[in-house]
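Atoms within each ligand, like the ligands themselves, are counted from 1 in listed order.
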Amino acid sequence: MNVNNCSTIELRKIQDGRDGCISVAEGRKQIPFDINRVYYIYDLHDKVALRGKHAHKHNEQVIFCVNGRFTLTLDDGRRQEEIVLDSPEKGIYMGVGVWHTMKDFSDNCILLVFASDPYDEQDYIRNYEDFKDYVGREAGI
Ligand code: TYD
């Protein structure tokens, strides 16, 4: 991927014939950290919904679209990338210092997120200028 600290994760899709499919994610296996929190986002009926708009200082995350589709925008302060997530097996790892937004949700869209840390508002950078300063400092610029 073009953006620092991000990568794609492909889960196996185990086909159970007429009984559907299963994909499995375990900490320190498919998910590259110990999972300390799981959350999901749903009821995204408003076409102008725009989520994320922040970066983390310590928390790492992997995001999946387990139903429907949406567009994920990643920004490491120097480069940006847009990815359409529309498959339950495809996840995106987002490390620290990645400004991310989620938009263009299909009506039936459900996002599933695995996080390395418990929720802590202090870990968020919610202002884009603060984010630019933060990544500049981390890079020693
Ligand atoms: P936020 O992380 O900004 O959501 P998103 O990145 O999907 O746009 O969180 C939205 C609200 O939910 C905010 O008030 C904090 C709260 N929240 C928790 O209480 N615990 C959590 O684990 C998360 C992810 C959010």
Side-chain angles (χ1 to χ4, degrees), residues 1-16 18-141:
M1 289 182 66
N2 294 329
V3 174
N4 280 336
N5 284 353
C6 294
S7 56
T8 54
I9 290 179
E10 287 282 343
L11 300 182
R12 264 183 74 206
K13 180 175 185 174
I14 302 166
Q15 310 253 11
D16 274 337
R18 283 179 298 189
D19 299 324
C21 299
I22 178 169
S23 293
V24 180
E26 292 183 61
R28 292 193 177 270
K29 288 188 184 167
Q30 299 87 350
I31 306 295
F33 48 76
D34 287 323
I35 300 163
N36 278 301
R37 181 165 48 109
V38 175
Y39 60 93
Y40 40 99
I41 300 171
Y42 52 97
D43 281 354
L44 291 151
H45 304 308
D46 198 326
K47 290 291 161 234
V48 297
L50 181 66
R51 300 201 61 104
K53 295 167 280 173
H54 64 257
H56 287 284
K57 299 178 212 164
H58 189 268
N59 185 43
E60 300 167 73
Q61 305 196 103
V62 177
I63 187 165
F64 289 92
C65 184
V66 292
N67 201 51
R69 75 200 297 267
F70 76 98
T71 301
L72 177 66
T73 304
L74 303 167
D75 178 348
D76 62 14
R78 294 173 63 190
R79 283 165 299 209
Q80 287 92 35
E81 188 161 351
E82 271 200 353
I83 300 160
V84 174
L85 281 182
D86 58 1
S87 153
E89 310 103 79
K90 182 176 174 181
I92 301 293
Y93 166 79
M94 301 185 292
V96 298
V98 177
W99 186 269
H100 55 283
T101 56
M102 296 88 95
K103 64 180 183 183
D104 297 339
F105 303 100
S106 65
D107 226 13
N108 54 354
C109 183
I110 302 176
L111 282 56
L112 178 65
V113 185
F114 298 96
S116 64
D117 298 357
Y119 174 69
D120 175 9
E121 187 59 38
Q122 299 303 312
D123 191 61
Y124 282 71
I125 307 168
R126 290 197 183 270
N127 175 285
Y128 192 75
E129 290 310 310
D130 293 346
F131 164 70
K132 293 282 280 185
D133 290 346
Y134 178 83
V135 288
R137 274 199 306 277
E138 292 296 299
I141 297 166

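A donor-acceptor contact under 3.5 angstrom links the side chains of Tyr128 and Asp75, judged on distance only.
Comment: Arg28 engages Asp34 in a salt bridge, judged by a side-chain N to carboxylate O separation of less than 4.0 angstrom.
The residues lining ligand 1, counting any heavy atom closer than 4.0 Å, are Arg37, Tyr39, Ile41, Arg51, Gly52, His54, Met102, Tyr119, Tyr124, Arg126.
Below 30°, between 30° and 60°, or above 60°: for Tyr119 and Tyr124 the angle between ring planes is above 60°, a perpendicular geometry. Between His54 and His100, the ring planes lie perpendicular to each other; the angle is over 60°, past the 30° to 60° tilted range.
Around atom CZ of Arg12, no more than 12 heavy atoms belonging to other residues, nucleotides or ligands sit under 6.0 Å away.
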Under 3.5 Å, which donor-acceptor pairs do the side chains of residues 83-90 form with other protein atoms, sequence neighbours left out?
residue: Ser87; atom: OG; partner: Glu89; partner atom: N; Å: 3.3
residue: Ser87; atom: OG; partner: Glu89; partner atom: OE2; Å: 3.1

